[in-house]
Each structure stands twice: as C-alpha cells, then as structure tokens.
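Below is one structure, written out as structure tokens, with a few remarks after it.
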Amino acid sequence: MTPSAPPAELAARAAELRDQIDQANHDYHVLDAPKISDAEYDRLFRELKELEAAHPELRTPDSPTQRVGAEPASRLEKTEHLAPMLSLDNAFSPEELRGWETRNARMVAEVRTAGYDVEPKIDGLAIALTYRDGVLVKGATRGNGTIGEEVTRNLRTLRDIPLRLRRDGIPFPALMEVRGEVYMSISGFAEMNVRRAAAGESTFANPRNAAAGAVRQLDPSITASRPLHFFAYAVELDPRAGDRLPVATQSELLGALRSWGLPVNPLATHCDDLDGVLAWLEGYERRRGELDYEVDGAVVKVEPLRLHEELGVVGGREPRWATAYKFAPDIAETTLNSIEINVGRTGALNPYAVLEPVEIGGVVVRLATLHNFEDIERKGIRVGERVLVKRAGEVIPQVIGPAVHEGEERKGEKFPVPTECPACGTPVERPEDEVMLYCPNSACPARIYWGLVHFASRGAMDIRGLGEERIRLFLERGLLGDVADVYYRLTREELLGLEGFKEKSASNLVAAIEESKTRGLARALFGLGVRHVGEHAAEILARHFGSIDRILNASVEELEAVHGIGHTTAEALHAFAQQDRNLETVRKLAAAGVVLVEERTSEPATGLLSGETWVVTGTLPTLSRTEATELIEGAGGRVTGSVTKKTSYVLVGEDAGSKLQKAQELGISTVTEAELRERLAQSPAGDPPPTDTPVP
Ligand code: IVH
C-alpha cells in the first residue's frame, strides 16, 4: 500500500461520516430533535478523527472536527445557576389579573398600593449571565431551571451583551447573575431566512426557534452570524455571599441594569396600581404588531423587592410577585365534521374533534380537543354544526362550544356517549368523582400502544429510534405484548428480518434499548404509565421507597403518608400493584436488567431531623436561607416552600410574614435559629428524633 494517497473507500467513508455528524448536529442543535444517541455520535466523531489523523489529506476545512472548540464527547457543558430560574403563572384576562392581586393581597395587603412594573414578555430564550467584579465570566441557558448549558463563548458574540460593566453607574455587587431574554429581531429573522433559502439551506420556523438554535451551538462563529439581541430584566445574587442590591424596586433594578450598560426593554413602565397596568396593557396589545421582536404578552411585577421575598414562590417554580399576562386567545368558527375517540395509555377515552380546516392566528387547525363526553353534552356540541375553536399559544386547540346563530335551526346530531371501548370493545367504567370514561382492560391494544409510546418517550426511558411508527410496526408483527417485551423481543436478528431495517438502524435501536436500562427507578416508574403518577410523583416515590418492590408492596396509607403524594395517586398505584399482568411486566423488566432501585439520598435514617418537614421564613440572625436549608437537609430533614398541615416545624427569623401567620393558624411549632442549633448539637447517635413534640 502506498502511504500517500488514501484509498478511495476511506475518502468515501470520511465524507459519509462528515455528513452523518453534520446531520446529527443539525437534529440536536437546530431542530432540537436528536435521532441518534450521544454514544453513537461520539463513536462517529472518534472514527472521523482517527481517520483524519491517519490520513491528514482527508481533513477538509469544513469537517466537524475543525469546529472552534467543539467538544464532541460532552457537547455543551452543564452548569448550575446561582438560584433557580423560575417560570411564571399566567393570567389570560383582566379578571384573572385582578384575581392574582387579590390572592397576593390576602398574604400581603400592601401589594394593592405598592405599585407595579410592567414589561413586554419577550418570546425568546431565557439566559443567565454571570458577572464577577463587572466582567462577564459565564453565560448559560435556562436548562431545567437549576442546571443549564454553558454557552459563554456564544453569548460573547452578541454585541448587546457587555463583556465588562460600566463603572460610572450604580455600584454593582461583586458576583451576580443577570437574567434576561435572547431574541432574534423579526426583520433580521426574515432576512436571514431569505438568504438561507437562496443558498439552498433550510429555513427556520420562527424567530424563537432560530434564536434558541443559534445560542445552543458548538461553533460561536455561527452564533455571531445570526441577528441576535438581548434584554435584561432580573438579577440574582449569591445567596451565601450576603450581597445586597443597591435598589429597592423592580423599576430601580431596571435603571441599575441600564446604568451598567445592559440593554433593558424601553417599554418597561411603572404603574401606580392595577388599573394603571390594565390601561397600559390595552395600548400595548393594540400596538404589539409594531414591535420588531415577538412578544407573547406582558409580565407584571410587584415593585418593592422586599415584597418578593415575602410573597415567595409557589411549588418552587413560580413566584407570586410576578405573573405573565397573555394576549387574548385567537378564536375562529368552523364546521365540526366528526368526533373521534382516542384511548390513551391509562385507558382514558379522549374525544377529539375533526374539523373543517380553519386558520387561527396563522396556523391551520384540523383537530381540536373536546375534553370529555360530559362537556360535549353540556355545551351542546353536535356533529355537522358550526363550532367555535380557540387556540392559545402552544396549547392544543380546543372546541369551546357551538357557534350559535340566531334563527338557525339545530340540525346536528348528538354524539352518543360510548358504553364500550372503541379499541377493544370492553365495557367502559367511570370512576367516582371523575368525568372521564376509562377502558379497564390493561391488555387493550390502544392502551398497550400508547403505553409503549410513553415508555419510550424522552421523559421516561428515552429510547431514541423507538417512535410511534416503529411501535405500530412491532405491534402488528406481534412482537410487543407489554413494555417489558422491548427488552426481549427487539433483538438485532429480529429487527433485521423486518422491512425498513438495515444493519445500522437495527444496531442503533438495540444500543438505545440497552442504554435505556440505566435511566433509574424514577423514570422507569414514570414509564410504567400508572394513572396519576407523573414525573414529579415518580421522583418522590423513588426517593422515598428506594425500590420498585417497596413501592408496589406499600399500602394506600403508607403511600399517601409520603409528602407530595395524594390519596388519588396512592389508590391508583395500589390498584396497579394488584394486577398480576402489571406485576409480571415489572418482574420481566427486573429480569432484563432494567435498574429499578435508587439510592435514598435525601433522608438518611440516622439524621436528627429525618422524617421532618421544615419551612424557613424571615431573616435569620446568622444563616442565609440556603445555609439553613443545607443545615436541615444535612440532618436528614426536608425543606419545603409553604406551610401546610404536613409541615413539622417552621424556622422563623425577623420580619417573618404570612408563613409565620399560617403556622400559627395551623398550630405548627416555630423554632428560632438558636433553638435549631441547640437541637442539632445533640448526639446524632441518640434516640430517634421526636416527631410529635415541639423542639426544646
Ligand atoms: S421575569 C421570576 N420578565 O418568560 C420571573 N420573564 O414564563 C422571571 N420572559 O422564563 C421571569 N420576558 O424566559 C420575566 N420581561 C420579562 C420576560 C420574561 C420574557 C420569559 C422568561 C421566563 C418566562 C416565564
């Protein structure tokens, strides 16, 4: 073999690898829809790198190995935020906005007169910029709210984002995270799409997707080439550092951000009260079309920052002090052609409307939900008649009722409430206190189908390549009787015998199935699709019980005694565990090597505070809230955000507000920092901690 020219097969292989990697990058970063596993990606990348190292002539300038700083193994690095990046509750009408104020005023009467700041809600990508001593040191996406992706080098390319803050303004804290929204201007988006189309490249669906794709890039030069901008709207400090912001209200905070050289939306306005906010919103909604960026409403924020602390956060996710005011939804009229029924994985019979296609807010709608049969009956929705259909944001369109026209005779037919499952013919059941009808047959083909789709989905076992179409094929071939069969019947040999499978696609799927075995107990439990057991409940149960056996052997009482698990969930889970078919599935999963245990990290049995639920409120003499939380959790206790009957103790500091009041109303013991410290000073090896006696 001559050492110079590489054989033609190798050149062809390099070209193929480049194409595959480029395609995978595009699926992952731009479309947000990866089709191959990380392991497979890494394998392709490694093969290309080795090939290029052995034959440097094969290395082209556009090879994915030549990207600036590309880190193929880990893709974008993960990074933790100083404090969680929260989301917002919505208000869809002036009445709902007033309801928000009323609820807040019950906790803190002052909100009615404290004033509001109102800002456009930018439809972009939330990011956090870390400034240390005024220098930009990190940029991150929101991620799951706690951990995001590190995109510093990409964000540095945005000219709106200062790399160094101005020092001639208001003094800034030594360490802070500036929060805001990266967005693409509508005009820039349109120009970019025209250019891309002319160059034969794919175009983006909307400015939001384009912005998100541009920020989540491995190559900063791509980010730099896109028309991205930034608006700052919030600041988070290190909860441990004891830093304070030199401002007292949200409007002043925006002023401070401006003085540091950060872009702040020029429309942000102070209003004295909610009437003022509503008046502003009216004008804003009328003029939204004039803006060169997409907005999906406005954000209304209570002005004084000290009230933010007092109002707190609901469920660790949504602050009470801010809410998103969404524009009125778009409504259109069309004909209801038929009503079909989909049987879901839990057996629920979901009716949906097949409509005469109609455009609503720029989107053609053909299908819409109908909630349940009682709703169809009560609203008088009839097949063959005109109906009103509503589409709000990303939400699935829904039929809101008949479009009644005066003097018109009703000619449609009433839809008969089904008595049998449309998929398997089993008589349907209706649980007490529920409006939904259910097919009780756990072997119902529709339930099995959707159960498999759910099992393989991203939030559950995340089996790439096992989508709806393939599941349908495998069911037709009789390969899958339950979710566990995925691990037994979908072998390479079996797949190779099926239409549409080649060596590569078969081994990809087999690898993805194998990889899914290690997702852990919480996701496997969620994947089983037990009614009422969502991702959150599954996590709580996994952490509490530590194994699938303990969960399935628990009584209803034991299940509902777990903080965060309600009676309905406990009953559903218990009922699930009574069915042999389900137990058999679980047994098969375990035998296949699917991980069905989890280490119980949050509640060490030996901790002084184990089994106790704590709430921290007010300003403590020496501890920050995070430190207090760490102290309690370190001793085996749990810390939650709101006082309920299940709260064991409330740790109170100075200026404690509504939470203290709630604790007093419910008769829950309160403890000072000194008392907590005293209690923790006891020997941890002593007797189990008291759970029903007040501290010292
Ligand atoms: S404040 C604690 N202000 O909306 C509240 N958010 O649905 C933090 N957003 O994730 C958000 N414009 O990405 C705030 N002027 C604005 C906003 C805004 C857009 C986004 C943000 C957030 C989401 C919440």
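Residue numbers run from 1 in the order of the sequence given. Counting starts at 1 for both ligands and their atoms, following the listed order.
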Next item on the list: Over 60° means perpendicular and under 30° means parallel, so classify the ring planes of Phe172 and Trp260, tilted if in between.
Entry: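 Trp260 and Phe172: perpendicular rings.
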Note to self: I'd like to check the side-chain contact (heavy atoms from CB on, under 4.5 Å) partners of Ser642; sequence neighbours left out, ordered by chain and number.
What the structure shows: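 Expected list: Thr644.
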Region of [X] that comes within reach of ligand 1 [heavy atoms, distance under 4.0 Å]:
X	answer
Leu88	both
Tyr183	neither
Pro319	side chain
Ala324	neither

Next item on the list: Before giving the answer on salt bridge (Lys or Arg N to Asp or Glu O under 4.0 Å), spell out for Asp275 and Arg98 the whole-Å C-alpha distance, their side-chain angles and the decisive distance to 0.1 Å.
Entry: CA-CA 9 Å; Asp275 284 335; Arg98 289 195 191 283; 2.8 Å; yes
Please list the nearest protein heavy atom to [atom] with its residue and the distance rounded to 0.1 Å.
atom	value
atom 16 (C) of ligand 1	Tyr233 CD2, 3.4 Å
atom 23 (C) of ligand 1	Lys121 NZ, 3.9 Å
atom 3 (N) of ligand 1	Lys301 NZ, 3.0 Å
atom 13 (O) of ligand 1	Glu181 OE1, 2.7 Å
atom 12 (N) of ligand 1	Ile122 N, 3.1 Å

Margin query: To the nearest 0.5 Å, what is the distance between CG on Leu237 and OG on Ser624?
Written below: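 Spacing of CG (Leu237) from OG (Ser624) equals 12.0 Å.
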Margin query: My understanding is that only one of Tyr183, Tyr293, Phe189 makes a ring-ring contact (aromatic ring centres under 6.0 Å, His included) with His229; could you say which?
Written below: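 Of all the options given, the one that passes is Tyr183.
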Next item on the list: Before accepting this row, confirm whether a basic side-chain N of the pair Glu119/Lys301 lies closer than 4.0 Å to the acidic partner's carboxylate O.
Entry: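 Salt bridge present between Glu119 and Lys301.
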Margin query: With a cutoff of 4.0 Å, is Pro120 in contact with ligand 1, counting heavy atoms of the residue only?
Written below: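 It does; at least one heavy atom falls under 4.0 Å.
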Need the ligand 1 atom indices (1-based, order shown) with element for anything under 4.0 Å from a heavy-atom of [X].
X	value
Glu119	3 (N), 15 (N), 16 (C)
Leu86	2 (C), 10 (O)
Trp321	2 (C)

Next item on the list: Hey, could you give me each pair passing ring-ring contact (aromatic ring centres under 6.0 Å, His included) that has a residue in residues 96-119? Not counting sequence neighbours.
Entry: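 Applying ring-ring contact (aromatic ring centres under 6.0 Å, His included) to every pair that reaches into residues 96-119, excluding sequence neighbours, yields Trp100-Tyr116.
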Margin query: Using side chain to side chain contact (heavy atoms under 4.5 Å, CB included), reason through Thr629 and Trp614 one step at a time and then give a plain yes or no.
Written below: CA-CA 9 Å; Thr629 303; Trp614 288 68; over 6 Å; no
Notebook entry, point to check: Between Ala460 and Gly527, what is the shortest heavy-atom contact and its length?
Noted result: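 Heavy atoms of Ala460 and Gly527 come nearest at CB-CA, 3.7 Å.
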